[in-house]
Amino acid sequence: MAWILLVAAGILEVVWSYFMKKSEGFSLLAPTSITLVTMVASFALLSVSMKTLPLGTAYTIWTGIGAVGAFIVGIFALGEAATPMRIVAALFIVAGILMMKLSNS
């Protein structure tokens with residue numbers, strides 16, 4: 001169950017980072033509200049998952065999901081560049097996430 005909560009927390013991190021970008025420096029009410037609600041939910045789920053998962057594993061996977069997810073959302077929803085070097089960097093993050101997961105099995 002902790003892994004499911006951790007993945008959900010990571011997905012919520014992607015959501016709040018996207019809406020933080022859309023909030024224009026917290027000047028727009030709706031995206032700011034979504035940012036704050038999903039941020040709190042993400043931290044709460046991360047906290048619950050850390051009851052059974054090691055700190056380093058949980059935090060690394062949570063931030064990795066957030067980083068790669070935000071990278072993908074940035075490309076597809078915001079038109080950000082998908083250069084070869086950025087893609088390779090994201091693949092390194094994914095490799096690190098997989099290695100952390102496998103090291104905890």
Side-chain angles (χ1 to χ4, degrees):
M1 187 63 165
W3 288 105
I4 294 168
L5 296 176
L6 182 59
V7 170
I11 292 167
L12 287 172
E13 186 181 5
V14 176
V15 173
W16 70 251
S17 63
Y18 171 75
F19 280 99
M20 182 184 290
K21 174 77 171 172
K22 299 304 277 182
S23 76
E24 297 185 17
F26 296 120
S27 64
L28 300 174
L29 181 60
T32 297
S33 300
I34 294 169
T35 298
L36 296 175
V37 168
T38 55
M39 190 179 284
V40 169
S42 178
F43 276 93
L45 292 176
L46 174 63
S47 175
V48 173
S49 74
M50 283 183 173
K51 287 181 179 180
T52 55
L53 297 175
L55 166 67
T57 301
Y59 187 74
T60 301
I61 291 174
W62 178 70
T63 57
I65 292 169
V68 172
F71 169 70
I72 292 168
V73 168
I75 290 169
F76 290 104
L78 302 173
E80 295 176 357
T83 64
M85 191 173 294
R86 292 184 79 211
I87 292 168
V88 169
L91 291 173
F92 279 138
I93 294 169
V94 170
I97 291 169
L98 292 173
M99 290 172 65
M100 281 299 238
K101 170 63 173 109
L102 293 173
S103 73
N104 201 47
S105 297

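The first residue of the sequence shown is numbered 1, and numbering continues consecutively from there. All values below come from the heavy atoms of this structure, side chains included, with hydrogens, waters and symmetry mates left out.
Remark: V7 engages I11, I65 in a side-chain contact (heavy atoms from CB on, under 4.5 Å) (not counting sequence neighbours). Residues passing the side-chain contact (heavy atoms from CB on, under 4.5 Å) test with A95, sequence neighbours excluded: none. Residues meeting the side-chain contact (heavy atoms from CB on, under 4.5 Å) test with A2, sequence neighbours left out: S49, T52, L53. Every residue two or more places apart in sequence or in another chain was checked for a side-chain contact (heavy atoms from CB on, under 4.5 Å) with V37, and none qualifies.
Residue pairs meeting the side-chain hydrogen bond (donor to acceptor under 3.5 Å, both in side chains) criterion with at least one partner in residues 67-94, sequence neighbours excluded, are absent. Pairs passing the ring-ring contact (aromatic ring centres under 6.0 Å, His included) check and including a residue from residues 58-79, sequence neighbours excluded, read F43-W62, Y59-W62. Among pairs with a residue in residues 5-28, none fulfils side-chain hydrogen bond (donor to acceptor under 3.5 Å, both in side chains), at least two apart in sequence or across chains.
Pairing each heavy atom of I75 with each of A82, the nearest pair is CD1-CB, 3.6 Å. Nearest heavy-atom pair across A8 and L45 is CB-CD1, 3.8 Å. In terms of heavy atoms, A41 sits closest to L12 at CB-CD1, 3.7 Å.
For the atom pair CG (L6) and NZ (K101), the distance works out to 10.0 Å, reported to the nearest 0.5 Å. Put simply, CD1 on I93 and CG on L98 are 12.0 Å apart, with the number rounded to the nearest 0.5 Å. Taken to the nearest 0.5 Å, the CD1 atom of I61 stands 7.0 Å off from the CE atom of M100. In this structure, OG1 on T63 lies 9.5 Å from CG on L46, to the nearest 0.5 angstrom.
Cluster partners of L28 are absent, since no Ile, Leu, Val, Met, Phe, Trp or Tyr has side-chain heavy atoms less than 4.5 Å from it. Alongside V88, the hydrophobic cluster contains F92 (criterion: ILVMFWY side chains under 4.5 Å).
Considering V40, T32, I34 as possible partners of L36, the one that fulfils the side chain to side chain contact (heavy atoms under 4.5 Å, CB included) test is T32.
Hydrophobic cluster membership is shared by V14 and F19, with clusters built from Ile, Leu, Val, Met, Phe, Trp and Tyr side chains linked at under 4.5 angstrom. Under the 4.5 Å side-chain heavy-atom criterion for Ile, Leu, Val, Met, Phe, Trp and Tyr, L5 and M50 are members of distinct hydrophobic clusters.
At least one donor-acceptor pair closer than 3.5 Å links the side chain of S42 to the backbone N or O of A9.
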